[in-house]
Amino acid sequence: TIGSTAQVNSQREHWLDFWRDQRLGFQLKLAREKGVGGKFISSGESLIKIIDCLFESYNPVPSLLHGDLWGGNYSTGSDGEPVIYDPAVYYGDREADIAMTELFGGFGSDFYAAYNAIWPLDAGYSVRKDLYNLYHIINHYNLFGGGYASQASAMMNSLVAQAH
């Protein structure tokens with residue numbers, strides 16, 4: 001699960017098929033079932049159609065992901081060692097976890113500097129992070145309602161515009 005939402009994790013041969021169907025498409029289906037329609041759904045469908053454009057020069061390496069790696073799901077032990085908890089584990093693009101670390105307040109600059117020193121992020125990450133965080137924003141709408149719908153709509157419209 002991601003929060004209390006079911007999280008489908010069926011293996012797929014291609015990452016974009018997985019993300020399109022089991023992450024973004026699944027959340028859009030749940031939103032539609034909640035009664036969202038119109039521009040929100042059409043924007044999501046437009047994004048799904050052109051998602052490949054965001055990966056033209058980038059081929060993700062499968063990585064074991066935490067799946068819900070935000071500031072509230074990490075801490076340090078009494079010995080100062082980092083501790084992460086409340087995972088929503090799956091295999092996918094490492095950028096999905098890094099994007100989530102930036103969504104709700106982010107981690108410290110030392111974290112990103114150390115990460116990039118070991119395995120630098122691709123130049124296209126700055127756009128794809130919104131795609132990856134969109135999954136969580138639509139999930140938050142599906143769980144809590146409110147302003148998450150307008151935030152998701154703005155993200156979808158921006159991603160579609162950047163892909164063209």
Side-chain angles (χ1 to χ4, degrees), residues 1-73 86-107 112 121-164:
T1 62
I2 183 74
S4 60
T5 305
Q7 183 170 263
V8 182
N9 287 322
S10 300
Q11 186 172 345
R12 291 292 177 92
E13 186 173 338
H14 300 286
W15 168 246
L16 285 179
D17 293 339
F18 176 87
W19 190 263
R20 182 184 295 111
D21 299 339
Q22 296 183 34
R23 292 297 180 263
L24 191 53
F26 183 73
Q27 288 295 332
L28 288 169
K29 176 181 154 286
L30 294 177
R32 190 179 298 115
E33 290 170 359
K34 284 188 70 135
V36 175
K39 185 88 170 120
F40 183 96
I41 297 300
S42 65
S43 293
E45 290 169 349
S46 293
L47 177 58
I48 284 173
K49 288 177 186 171
I50 56 90
I51 197 171
D52 296 36
C53 295
L54 301 174
F55 290 80
E56 287 179 338
S57 63
Y58 176 67
N59 188 23
V61 175
S63 301
L64 182 62
L65 305 181
H66 179 279
D68 195 13
L69 191 57
W70 66 288
N73 283 343
D86 195 21
V89 175
Y90 63 100
Y91 282 94
D93 181 4
R94 68 191 176 107
E95 288 184 352
D97 260 1
I98 298 302
M100 182 66 177
T101 68
E102 295 188 57
L103 185 56
F104 297 119
F107 286 35
Y112 300 106
L121 292 167
D122 182 81
Y125 165 74
S126 62
V127 173
R128 285 187 300 274
K129 78 176 178 181
D130 288 340
L131 174 69
Y132 290 137
N133 284 336
L134 177 61
Y135 166 66
H136 297 287
I137 296 301
I138 299 175
N139 184 55
H140 275 68
Y141 169 75
N142 288 328
L143 290 171
F144 311 117
Y148 290 110
S150 60
Q151 184 180 3
S153 289
M155 292 170 81
M156 289 185 283
N157 292 333
S158 174
L159 286 162
V160 168
Q162 291 178 72
H164 286 103

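Below, all heavy atoms of this structure are taken into account, side chains as well, without hydrogens, waters or symmetry copies. All values derive from a computational prediction rather than experimental measurement.
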Peer 1: How long is the straight-line distance from CD of E95 back to CE of M100, given to the nearest 0.5 Å?
Peer 2: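 M100 atom CE to E95 atom CD measures 16.0 Å (nearest 0.5 Å).
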Peer 1: If you take all heavy atoms of A163 and L54, which pair is closest and at what distance?
Peer 2: CB-CD2, 4.0 Å
Peer 1: Which heavy atom of T5 sits nearest to which heavy atom of L30, and what is that distance?
Peer 2: CG2-CD1, 3.6 Å
Peer 1: For A152 versus I138, what's the shortest heavy-atom pair and its separation?
Peer 2: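 Minimum heavy-atom contact is CB-CG1, 3.8 Å.
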Peer 1: I need the single residue from Y132, Y135, W19 that forms a side-chain contact (heavy atoms from CB on, under 4.5 Å) with L24. Which is it?
Peer 2: W19
Peer 1: Would you compute the distance between atom CD1 of I137 and atom CG of D130 and round it to the nearest 0.5 angstrom?
Peer 2: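 Answer for the CD1-CG pair, I137 versus D130, is 9.5 Å.
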Peer 1: What are the two closest non-hydrogen atoms of H136 and I2, and how far apart are they?
Peer 2: CE1-CD1, 3.9 Å
Peer 1: Please round to the nearest 0.5 Å and tell me the distance separating atom CD of Q162 and atom OG of S126.
Peer 2: 7.5 Å
Peer 1: I'd like to know if the side chain of H14 reaches the main chain of L16, judged simply by a donor and an acceptor atom lying under 3.5 Å from each other, with no hydrogens or angles considered.
Peer 2: no
Peer 1: Rounded to the nearest 0.5 Å, what separates atom OG in S63 from atom CD1 in I98?
Peer 2: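 CD1 of I98 is found 9.5 Å from OG of S63.
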Peer 1: Does D68 use its side chain to pair, donor to acceptor, with the backbone of A88 at less than 3.5 Å?
Peer 2: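 Looks like no, no N/O pair under 3.5 Å.
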Peer 1: Please identify each residue that fulfils side chain to side chain contact (heavy atoms under 4.5 Å, CB included) with T1, with sequence neighbours left out.
Peer 2: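 With neighbours one apart ignored, the set is empty.
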Peer 1: Do you know which two heavy atoms are closest between Q7 and V89, and how far apart they sit?
Peer 2: NE2-O, 4.3 Å
Peer 1: Using the ring pair (Phe, Tyr, Trp, His ring centres under 6.0 Å) criterion, which residues pair with F18? Sequence neighbours excluded.
Peer 2: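 Result, ring pair (Phe, Tyr, Trp, His ring centres under 6.0 Å) vs F18: W15, Y90.
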Peer 1: Going by atom types only, do Q27 and N142 share a side-chain donor-acceptor pair under 3.5 Å?
Peer 2: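 Per modelled atom types, Q27 and N142 side chains form a pair under 3.5 Å.
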Peer 1: Quick one: closest heavy-atom pair of S4 and L143, and the distance?
Peer 2: OG-CD2, 3.2 Å
Peer 1: Side chains of F55 and L131: does their closest heavy-atom pair fall under 4.5 Å?
Peer 2: yes
Peer 1: Rounded to the nearest 0.5 Å, how far does OG of S10 lie from CZ of R12?
Peer 2: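 Rounded to the nearest 0.5 Å, the CZ-OG separation comes out at 7.0 Å.
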Peer 1: Do the side chain of S42 and the main chain of K39 share a donor and acceptor less than 3.5 angstrom apart?
Peer 2: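 Confirmed, S42 side chain pairs with K39 backbone.
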Peer 1: Just wondering, do F40 and M156 contact through their side chains at under 4.5 Å, heavy atoms?
Peer 2: yes
Peer 1: Hey, are Y58 and D93 close enough side-chain-wise for a donor-acceptor pair under 3.5 Å?
Peer 2: yes
Peer 1: State which residues pass ring pair (Phe, Tyr, Trp, His ring centres under 6.0 Å) with H140; sequence neighbours excluded, sorted by chain then number.
Peer 2: F104, F144, Y148
Peer 1: If only side-chain N and O atoms count, and only distance matters, is there a donor-acceptor pair under 3.5 Å linking R128 with N133?
Peer 2: no
Peer 1: Please determine whether a side-chain nitrogen of the Lys or Arg among R94 and D97 lies less than 4.0 Å from a carboxylate oxygen of the Asp or Glu.
Peer 2: no
Peer 1: Any donor-acceptor pair under 3.5 Å linking the side chain of S158 with the backbone of A154?
Peer 2: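 Not a single qualifying donor-acceptor pair exists.
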Peer 1: Do the charged groups of E33 and K29 touch, with an N to O distance under 4.0 Å?
Peer 2: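 Here E33 pairs with K29 in a salt bridge, since their nearest N and O are under 4.0 Å apart.
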Peer 1: Any ion pair linking K129 and E102 (charged N to carboxylate O, less than 4.0 Å)?
Peer 2: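 So E102 pairs with K129 through a salt bridge.
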Peer 1: Kindly compute the distance separating CG (L159) from OG (S43), expressed to the nearest 0.5 Å.
Peer 2: 10.5 Å
